[in-house]
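Every number for a ligand or one of its atoms is a count from 1 in the order of the listing. Everything numeric in this text was worked out from a predicted model, so none of it was measured.
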Amino acid sequence: MKKLHFLPLFLAFLFSLNSLSAHEGMWLPHLLKQMEGDMQAMGMKMSAEDIYSVNSGSLKDAILHFGGGCTGSIISSSGLVLTNHHCGYGYIQSHSSLEHNYLRDGFWARTREEELANPGLFVTIIQRIEDVTDQALEGVAEGMPEAERQSRIDQNLNAYQKTISLKADEEVLFRPIFYGNQYIMIVTLTYTDIRLVGTPPESIGKFGSDTDNWVWPRHTGDFSLFRIYAGPDNRPAAYSEDNQPYTPVHYLPVSLDGVEEGDFTLVFGFPGSTQQYIPASGMSMVKDAVNPPRIAIRDTALQILDKGMRKDEAVRIQYASKYARVANYWKKWIGQNQGLERTNAVWKKVLAQKEFRDNVHGHPAYAELLPRLDSLYGVLTPYMVATQYYGEIVHRNIEIFTLARYMSTLLTRYQENGLEGYTAYRDRVVPAVSGFYKNYQVDLDRQVFAALMRMYAEEGNPDLTPEALHQQFGSGQSGMRTAALFSQSVLTDKDQLIALLEGDAEKAVEAFSRDSLVIWYDLLNRTYRDKVGGPMSGIEDEIDGQMRLYMAAQMDVVQGKKFFPEANSTLRVTFGKVEGYPRSDTTRYDHQTWLDGVIEKYIPGDYEFDVPERLRQLHATKDYGPYGVDGKMPVCFIGSNHTTGGNSGSPTIDAEGNLIGLNFDRVWEGTMSDLHFDPSICRNIMVDARYILFIVDKYADAGAIVQEMTLVHPKKN
Ligand code: ARG
Ligand code: GLU
């Protein structure tokens with residue numbers, strides 16, 4: 001009897017856990033009605049319809065998928081797009097040279113004519129999202145073999161697609177959610193004439209660079225501006241001088257009122273991927289088996305690149321984008337493991353699983369799921385580790401293997417389709433080879449090759465890697481071996497390689513099939529495919545099938561909880577509050593940083609912490625225009641919004657639908673939120689909208705761009 005007294009207490013404890021994690025979630029905008037009450041309770045003054053509506057203009061019409069990987073938002077009636085500097089980086093770099101160093105100096109178009117075209121860049125606006133679960137799963141029976149199930153679903157969706165009426169240029173995507181328990185259809189519109197309007201110099205847009213990346217307190221003005229151009233009818237059109245700025249269905253007004261601790265925030269964008277619902281065994285696998293080798297491999301490669309870049313400015317420009325890309329996730333995984341440790345995330349998951357198990361009476365099949373998944377993750381682990389070595393070494397960090405892969409494919413095309421196959425692929429490879437060499441230093445790559453092949457030989461699982469790897473690159477031979485391979489291979493000599501490709505096909509085929517680096521690539525690739533890729537995909541299929549059941553079981557057993565689907569690069573709403581966070585048990589970080597902090601971090605001439613003279617002047621004279629507050633200039637702020645990679649460039653929106661910030665990062669340990677959102681330490685980092693306006697208007701003196709926007713005072717009115 002006595003026990004019963006604890007029950008209310010226990011429930012209260014559970015309830016408090018629940019309300020603590022109220023900010024968790026990446027919600028599908030067309031299903032937002034279920035969250036409207038929670039959002040309004042947190043201060044939101046909009047309705048779900050204001051955020052997503054098919055019938056009238058809503059916030060969603062101002063949100064776009066930028067270049068497939070980032071998010072952007074429309075902030076003027078003339079199609080002005082706001083995204084991160086790091087999202088525009090590759091494009092800014094491609095317009096940059098030692099003469100026009102836009103990375104170093106920034107770029108601001110003073111007229112529409114000066115805006116710069118970006119071939120290959122596209123933005124996608126979501127027209128509507130619909131549930132198509134019934135259509136997808138018609139005739140699908142539980143217990144069907146996975147392959148049969150998938151082909152049935154594909155057939156169903158193909159057939160369904162034919163019945164959808166689309167406007168010109170609209171496209172349809174289908175995406176599984178909740179591990180294939182449900183399906184959604186997304187109708188999109190993609191614009192391809194996207195021009196660069198403005199970007200601050202790196203010393204603002206990437207201030208703090210990799211040292212400050214994933215770190216709070218942060219002082220980066222990580223933004224850039226683009227513009228969508230459309231054909232005469234405002235519909236998508238290929239680049240043309242005659243194209244006109246796109247007129248959006250909706251654009252975001254920009255708030256001048258800033259943020260205070262506790263303010264409601266909504267982040268709208270395209271989060272890439274998460275693993276919130278995997279069991280504790282899967283989380284342990286990521287933390288203890290997958291992250292350590294990939295961190296170590298990147299660590300080794302990055303040290304080599306860093307040395308090379310610090311020696312030579314031309315090399316730095318060539319490698320800046322690559323380095324940033326590799327360093328970004330390297331650092332993220334380190335922080336993720338720290339966060340998982342610090343919050344005891346695996347243990348919390350084990351507890352939650354216990355609760356699940358305690359509640360499955362009456363569903364004998366559910367009780368089988370976790371043990372089965374645990375054992376599958378056990379079987380998967382060595383293959384996942386092997387995949388990290390292979391992926392990071394062969395496909396990510398050794399650059400010359402990219403060329404080897406092209407030539408290897410060329411040989412396959414020749415074998416399969418003769419001269420015709422060869423020529424068709426060759427015509428694509430030639431420009432790719434030139435592009436490759438534009439940003440390539442063979443000396444650096446040779447060092448990376450030697451160091452990583454040595455790691456591969458010494459640490460790679462001998463059962464899952466070629467014997468020759470261990471024989472030739474183990475026990476101190478890697479440097480010598482590498483030097484020999486690089487001098488024998490034609491891939492290290494651009495002119496010779498291009499000449500071969502442009503000459504006689506037979507001769508080229510002969511040369512490539514004997515090329516030492518192509519042979520190594522083929523060996524590593526083939527061994528991976530046979531020993532790892534093959535068996536692993538069978539295990540993964542089984543995990544997928546079990547995860548689908550486990551997901552459905554969680555949704556069935558944990559009653560009253562609202563579930564959001566894992567991120568999968570579809571449009572999502574996440575909401576929270578402006579909120580500082582505890583650095584340790586005694587110190588707490590404030591939610592806001594200031595220009596004073598930029599000046600504190602200033603290191604003259606340093607490539608990470610230099611500050612442009614003009615910005616220092618503006619600070620010295622406190623010349624902040626209408627953007628400062630009490631003689632101080634806000635720079636960044638943090639909040640408890642559940643975001644992930646892909647949310648870069650997402651607008652942060654206030655209670656009434658105005659832009660207050662620009663998402664670009666998370667706090668370091670908070671990156672654990674990809675696996676488990678812990679409200680105590682998970683925070684996203686945003687550029688303060690006032691800092692963006694200040695940089696454009698006061699720093700760059702590009703007031704015309706600010707004039708295009710609609711500036712508002714929601715708090716003062
Ligand atoms: N961490 C942010 C994101 O994941 C910013 C990355 C770009 N900045 C950098 N220093 N690498 O994309
Ligand atoms: N910087 C990330 C991106 O490129 C967003 C930060 C994150 O992963 O939370 O999408």
Exercise. With heavy atoms only and a cut-off of under 4.0 Å, state how Thr644 meets ligand 2: side chain, backbone, both or neither.
Key: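 The answer is the backbone of Thr644.
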Exercise. Heavy-atom distances under 4.0 Å are what count here, so tell me which part of His86 touches ligand 2: side chain, backbone, both or neither.
Key: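 Contact part for His86 vs ligand 2: side chain (C-beta onward).
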Exercise. Kindly identify the option in Ser648, Cys87, Gly646, Cys682 whose heavy atom sits closest to atom 3 (C) of ligand 2.
Key: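 Residue with the shortest heavy-atom distance to the ligand atom: Ser648.
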Practice problem: Find all atoms of ligand 1 within a distance of less than 4.0 Å from any non-hydrogen atom belonging to Ser209, and give their numbers and elements. | Solution: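 The list of qualifying atoms is 10 (N).
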Quiz item: Taking only heavy atoms of Ser648, which atoms of ligand 1 are found under 4.0 Å from at least one of them?
Solution: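 So the atoms of ligand 1 that pass are 12 (O).
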N/O to N/O below 3.5 Å, does that happen between [X] and ligand 1?
X      : answer
His86  : yes
Asp222 : no
Tyr329 : no

Is the closest basic N to carboxylate O distance between [X] and [Y] below 4.0 Å?
X      : Y      : answer
Lys601 : Glu608 : no
Arg342 : Asp678 : no
Arg316 : Glu313 : yes
Glu261 : Arg588 : yes

Quiz item: Regarding Lys562 and the six-membered ring of Phe564, is the cationic atom NZ or CZ under 6.0 Å from the ring centre and inside 45° of its axis?
Solution: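 Cation-pi check for Lys562 and Phe564: fails.
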Quiz item: Can you find a heavy atom in the side chain of Asp688 that is under 4.5 Å from one in the side chain of Val635?
Solution: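 Sidechains of Val635 and Asp688: no contact.
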Quiz prompt | Distance from atom 9 (O) of ligand 2 to nearest protein heavy atom, with residue and atom | solution =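 Its nearest protein heavy-atom neighbour is Arg666 NE, 2.5 Å.
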Quiz item: Nearest protein heavy-atom contact for atom 6 (C) of ligand 2: which residue, which atom, what distance?
Solution: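 Checking every protein heavy atom, the shortest distance to atom 6 (C) of ligand 2 gives Asp665 CA, 3.5 Å.
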Quiz item: Taking only heavy atoms of Trp214, which atoms of ligand 2 are found under 4.0 Å from at least one of them?
Solution: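 Those atoms are 6 (C), 7 (C), 8 (O).
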Quiz item: Just which atoms of ligand 2 are under 4.0 Å from any heavy atom in Asn647?
Solution: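 Checking each atom against Asn647, I get 10 (O).
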Quiz item: In terms of the angle between their ring planes, are Phe223 and Trp108 parallel, tilted or perpendicular, with boundaries placed at 30° and 60°?
Solution: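 Ring orientation, 0 to 90° scale: tilted.
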